[in-house]
Every structure is written in C-alpha cells, then in structure tokens.
Protein chains: 2
Amino acid sequence: MQSAREEDGSTVVYDDVLRIADPGPPKQGHGAEREAAAKRISIGDVARLADVAPITVSRALRNPQKVSPDKRARIEQAVAQTGYSINPHASALKSGRSNVVLAFASNLMSEQFASALKSCAAVLEDAGYLFLVGQTSYSYERETAALRSLHAMKPAAVMLTGVIELESNRELLRGIGIPIMETWALPRDPIDMLVGFSNTEAGRLAADMLFRKGYRKVAYVGRRSGRGALRLQGFREGCQAKGITLVCEELVDDVTGVSDGRRCLASVMARPAKPDALFCSNDVLALGCMMEARRLNVRVPADLGILGFGQSDIAAEIPPGLTMIGVDSALLGREAGAMLIASLSGTPPAQKLKRLDLVVSEGGSL
Amino acid sequence: MQSAREEDGSTVVYDDVLRIADPGPPKQGHGAEREAAAKRISIGDVARLADVAPITVSRALRNPQKVSPDKRARIEQAVAQTGYSINPHASALKSGRSNVVLAFASNLMSEQFASALKSCAAVLEDAGYLFLVGQTSYSYERETAALRSLHAMKPAAVMLTGVIELESNRELLRGIGIPIMETWALPRDPIDMLVGFSNTEAGRLAADMLFRKGYRKVAYVGRRSGRGALRLQGFREGCQAKGITLVCEELVDDVTGVSDGRRCLASVMARPAKPDALFCSNDVLALGCMMEARRLNVRVPADLGILGFGQSDIAAEIPPGLTMIGVDSALLGREAGAMLIASLSGTPPAQKLKRLDLVVSEGGSL
DNA sequence: CCGCATGATGGTAACGTTGTCATCAAGCGG
DNA sequence: CCGCTTGATGACAACGTTACCATCATGCGG
C-alpha cells in the first residue's frame, strides 16, 4: 500500500472558483455519467488473467501463505492490473463475516467520545478493519433501529461509547455472536467486553477532593440520567461520608452547549444558600459555569471552587484552569481496540473487563 | 417503528459495580455463546409463514403499495412474528444498491465537521438511510484505502467533509456512479455535488473587516495546506487591495489542540514587527491565541485585534468573545443531506452546487 | 363478448464470493 | 518402490436477495 502521492502528479484541485452563475449547457444530461460507471470486475476476471481458479485468487488475498509464490505473484499482478477490489457484500454473504467494525456514539459532538473513537479506530484500522461510526443520539428508538440493522449486517465487532441500557437491546446484541465492546461505565452484567470506569467512584472522589480542599457547602451540576445520575449518586454518598452539605443539585436533561452550564451556575448562585464549591459532572457544563462565574464576578476559586469531570483541553486552558476528574479517553479507546482485536483474532482476550483508573488533572479552580 | 420503551419494562442496567477482582469460574467457556447465535431467518421463512412467494415479501418491504393490502398485512405480521430483518449484504449484492450513506471526515474531533455531519445524518436517517462515518485523517494513503473499499461497497451515496484533492481519487469516485457530496470549499470541478463556500473570499473578507476596524499591520495564523492555504491566499489579496501590511504568516502543518495556537501567538509576538491584529483561519488556533494573549498580558482588542474563522461556541463565549467569519455548519449539513436525498430519489436536484454565504459572528475581539 | 391494457403474483436465475470436499503432485519412511 | 501424509489447487454449490420475465385475473372499450 504505497502512497498515492507518488502514483500520479498529485493534481491539487483546490481552486475555490465557483461558476454557479453560469451553468452553461448541462453537461451531457443527468443520468448519462451514471451509466458510464466502470464495469465491475470480479474475482473471476482476475483469475482468468492470472490463469488460476477464482478460489485461488480468494485464497491469495486472504491467506497469501497458502498459495505458492509464483501464483501469488501472478495474482498480485493481475489484481494491480485490473484494479480489482473485493466485493464485501458477496464476501459477507457467503462467509457471514465482514471486516467492518461498527462503532456507535450517543453523540458525535462530544470531544471525549471523539477522542476515544479516534484512538480505537487507529488500532483497528492498523489491523485491517474498516472502522465506521454511527450515531444513536441518546434516543432509545434510534438505538433500537440501529441495533436491528446491525443484527443483519453482521459486522466483525461492535464498539459502543457507553453501555446499552435497555435489556431488550442487550439481548439483541448478545444474540449476534460477535465481540461487543461497552465503555464508560461498569454495569453489573456487561454484554460481552467492557473497558470502563466507575462513575459512582468518580462522584465519591469528587466529594473527597472538595473536602480535602476545605469546602463544606457544595453544589452539583450535571445530567439527570445515565452516567450523570451515577456520578451524582456517588457524590451524594461521598458528601454524606465526609459530612459535607450538598446545598443543591442542578440537573439538566440534555447538554447542547456551554450556555446550559451558564444557566446552571446562574441558577445555583441565585439561591439563598450559596455553595462554596461546585462539582460539574460534565465538561461542557463546567466550561459554562466557569464563564458565567466570570460574568457574575464570582472569583474562582476564591469565592467558588469548581471541579469538573472529563478531560477538556480547553477547560484546562481557560484561566484559572479547570481542575478535573476524568479518564484518559484516548487510552480507553486504545484499550478497547486492543481487546477487540484480541477477541477477533480467535483467541479470546485473557480479560474481558478492564477497569480504568480515574485521573485528576490539576487546574487552578479549586 | 414504535418506541422500545413501551415494549418492555425498560430495565436500566447502569450499576457501576465491578467484579473484576473476583472473576469466579469462567462462564461456560469462551466460544460457547458464539454458537448460541440465533439461527438466521431469511425472507423465505417469512414467505412461508405468510403463505406468499419470497419475492412478494421483498416487494412488500420495499414497495408496499405494489402488494395487495391483505397480503401486505399477512407479511407484516409474519415479519413481526419472526423478527426478520433484511440481509443487507444479499440485498446489496443482488441489486447493487444499499441504504448506507457513507460519510468521510478528515478529522472526527472537529467541532465544525461533527456539527455538519450530525445535521446531515439527521436528514438522511429520517429518509431511511443508515448514516455511517469513516475517517481519513488528512492522510492520502488512508483516503485512498477508504475510497478503494468504498468502490466495491457501493453505498447509496457519499458525503465528504471537504473535497477530494488527489485527481486519481477523484476519478475513482467518479467511476462509482453514486451521488457524491463534497463540501467546505468551491473546487473548480466538483466530482458530483457540492455545498460549499469560498475560502479565498473568507480571506478577503477577513482583510476587509480588519481594514474597516482600522487595523493596518496584521498577521496570519493558520494551516499551511488545504483550505488554510486558500484562506491565506484570499487574505493576502485582501490585504494588498486595502493597503494593509501583512506583517507575518505563522503557518502550522497540523492542529492538534489549543496549544498550537498558543505557540503561534507567542511566536508572532516575539517578532520585532508586532501586528495590531491577527486573522486566525482556524477556530482552535484562534482559541489558543486568545488564551496566550491573556497570559502575555496582551489586551484584546486594545493591543491586538483577533479575528477567527469558524463557529466555535466556546471561542464566542470566552471574554471578550471571539469575532469570527465562518459558515453555519449545521446548515451546510442539512443542505448537503437534502441535496443527496433529492439525488437519491431519482430526480436529480435542480442545482448540484450550492454556495453558502459567509456569516460574521460579532464578538468583542476586534 | 372479444381483445387488450393493467396490476398482482410467482418462477427462475443470477449477483460474487467462499465453505466443503475432491483431486493431484510431491515428499517420505519403510 | 509402496502406501501414506502433506500441501496446493480446483470443482461445485450455496449464502439471501432481487431483476427479469411469465402468468393470471380483472376491467374496459369496441
């Protein structure tokens, strides 16, 4: 697989000139070019050219060492000459396998998820898999629809950012018989494999940190459901254990941007009983809180300590720098990818579960 | 398609309890559950149950109005009863079509791209397509590999965040004969369809804005290649036209985070000839510049005006608020999705090109 | 009442690949 | 030199679906 850069003069097409204003004569009708699509070349064409049987071509492509060197060479040449590429549908239909690994993210716009998916993709693509990402959008309907199509598609494996909550969907996935990777939490009974961390522990750790820094009246800001609820639960436990007063819980249903965080802090500070510190279980919300604090002339950390969750590059850089509890999402992706590959290679991984440590990135907000 | 929420009691599995420490006896061997995968049900099973021919089931699923109501009802019931779902590989193999729309992003972690993909996905998923995102990582090799597999996969359509630069790859795509959507620029000769904007114009507009605000000695910060180069080109033209001095051009090869922006500003401010304003052709870089400016006690906009490119929510919120030139990426995604659907529905869209206007979001940084 | 258009339905074959088994040559110990 | 194993190669069929064409009933104008 050599760089295309060398294969041709690498004509860069960027030009940025637009001629919409002058459409001119329509270039040979709409459907015409559609027909001009190159005739499909099949494995048979390659076989004929290399003077071998189609099945031998198939073998040469998938287990080169099972074919004698001379035929292999002939076949490779024929492939190059014809530009043949395997038809994954036919292959998947016959063999029941495919080289596609499907990932599902509840939200494509999350920095954290994107980072995990990116590193996971790198691992799997290096192993020859095609890594594709779909979206479930925090909606059970979409999730079910996606999983149903998945059931028939039989990808090689499935990577999820998050865990499947609906038992019926869990059952659906279990039935497919391919490696499934869940992440970002530690459910009691994972579908198959899991690389995650404890969200309740994150909450407890947050309470701990706030206590150690001397805060005694705190507030919680986060999502109402899912992992947010887990972190809240842990936070409550932690507060109780340390004797910290949990002044208020500001819960949101969905996070669409930093403005949600602004609203939360405004709401928190509008209460009669003001907290001396805040645990934001979501980095975007934390960012919004930081900004709103500045606007309200609430000094961080002098007037209000803020502890975030996640790994946001940006939050860390904004003065005074957000202190966060989180996980290394790139590491999570890599670990997940490695475990998937182990599972795909036939030898099931020694460990189907991996618990990641929580990491604290110190900023100046506490 | 009804909500799964109603179908069962919606058992929430979140628990966050981990028992890695106590693996216990391995649960019935590794491969055992693999075999337990449900026997595949095919269209023939449904047909038998509904007492019709397989082909009629196929029709009922794809063109319900071509099947009489009574058979349709029987078939629908049989489908529900068996939990049948179509095998997309067999379907794609035979028909040469599929309901998958493949999107390729050069970078999954870009807020802009994610936003465009998200809105594009929404449009296409509503129309019944499965929207999957792959990654090309700004690498020609990856791009070529991805496109090659694409060639055989025959998705229904392809959505690209960006345009294809290599002529050989453009040819490859052209040959597939499916709708192709390019975005984010206005190349001279798009492969098929295009929803984009002029990057050179963005550069000229930037020079214009800086001039109007009274700046006369400016600097450029951005990526060296691709669209960054186009914006720089336009910026140079604009500066020349207005008689603005372009003090320096700070170019980076790749943007990995805000720290790149910090470095850029530091480097710019270290020069003997300091600019009075900055055009950052990338929102992450702009963010980094804003932060570094604060650290260096460079007041924005009093000491240095900063003009960004993009639509970053966060940059807009950071005091004094970044003024940006950009496009509405969600709109771009929607438009692209709509045009793809028009093309997919057989009737080619009236217009295969759509030029988006640049929008200026006023912040306080100029 | 005939012939023809129309719409519903089904039979057959084929999409391109690979699992399975058969075949054949080569190597090797006895 | 025989019978065996081993490895390379190929023939055949099948994966599940849909394109294509045939068939049949129905309706309608002449």
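So that the names make sense, note that chain A is the first sequence line, chain B the second, and so on, each numbered from 1.
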Engineer: Ignoring hydrogens, what is the shortest heavy-atom contact between L340(B) and P179(B)? Give both atom names and the distance.
Structural biologist: CD2-CB, 4.0 Å

Engineer: Taking distance alone, no hydrogens or angles, what donor-acceptor pairs closer than 3.5 Å link side-chain atoms of residues 49-63 of chain A to residues at least two apart or in another chain?
Structural biologist:
none

Engineer: Over its full length, what angle do the end axes of the helix from dC1(C)-dG30(D) to dG30(C)-dC1(D) make, each axis taken from five pairs and the result rounded to 10 degrees?
Structural biologist: 40°

Engineer: Suppose we screen for salt bridge (charged side-chain N to carboxylate O under 4.0 Å, His left out). Which residues come up paired with E171(A), at least two apart in sequence or across chains?
Structural biologist: R174(A)

Engineer: Only pairs at least two apart or in different chains count here, so list each salt bridge (charged side-chain N to carboxylate O under 4.0 Å, His left out) that has a residue in residues 65-74 of chain A.
Structural biologist: none

Engineer: Could you check whether K352(A) pairs with E182(A) (Lys NZ or Arg NE/NH1/NH2 to Asp/Glu carboxylate O, under 4.0 Å)?
Structural biologist: no

Engineer: Could you pull out the closest heavy-atom pair between A116(A) and L332(A), with the gap in Å?
Structural biologist: CB-CD2, 4.3 Å

Engineer: Any residue in residues 65-76 of chain A with a heavy atom nearer than 4.0 angstrom to DNA chain C? Just list them by number, or reply none.
Structural biologist: none

Engineer: Below 3.5 Å is the cut-off: list the nitrogen or oxygen pairs between protein and nucleotides 26-28 of chain C, distance only.
Structural biologist:
none

Engineer: Residues two or more places apart in sequence or in another chain: which of them pass side chain to side chain contact (heavy atoms under 4.5 Å, CB included) with S119(B)?
Structural biologist: A330(B), R334(B)

Engineer: Of all residues at least two apart in sequence or in a different chain, which pass the side chain to side chain contact (heavy atoms under 4.5 Å, CB included) check with L172(B)?
Structural biologist: L147(B), H151(B), N169(B)

Engineer: For a quick check, with a 4.0 angstrom heavy-atom cut-off, what is the B/S/- contact string for nucleotides 14-24 of chain C, read 5' to 3'?
Structural biologist: BBBBBB-----

Engineer: So which atom in S343(A) and which in M193(A) form the shortest heavy-atom distance, rounded to 0.1 Å?
Structural biologist: CB-CE, 3.8 Å

Engineer: Would you kindly say whether K154(B) and N87(A) are connected by a side-chain donor-acceptor distance under 3.5 Å?
Structural biologist: no

Engineer: Can you list everything that forms a side chain to side chain contact (heavy atoms under 4.5 Å, CB included) with A92(A)? Sequence neighbours excluded, please.
Structural biologist: S98(A), H89(B)

Engineer: Using side chain to side chain contact (heavy atoms under 4.5 Å, CB included) as the criterion, list what pairs up with A127(B), not counting sequence neighbours.
Structural biologist: Y129(B), I341(B)

Engineer: Rounded to whole Å, how long is the line connecting atom CG of N63(B) with atom P of dA19(D)?
Structural biologist: 9 Å

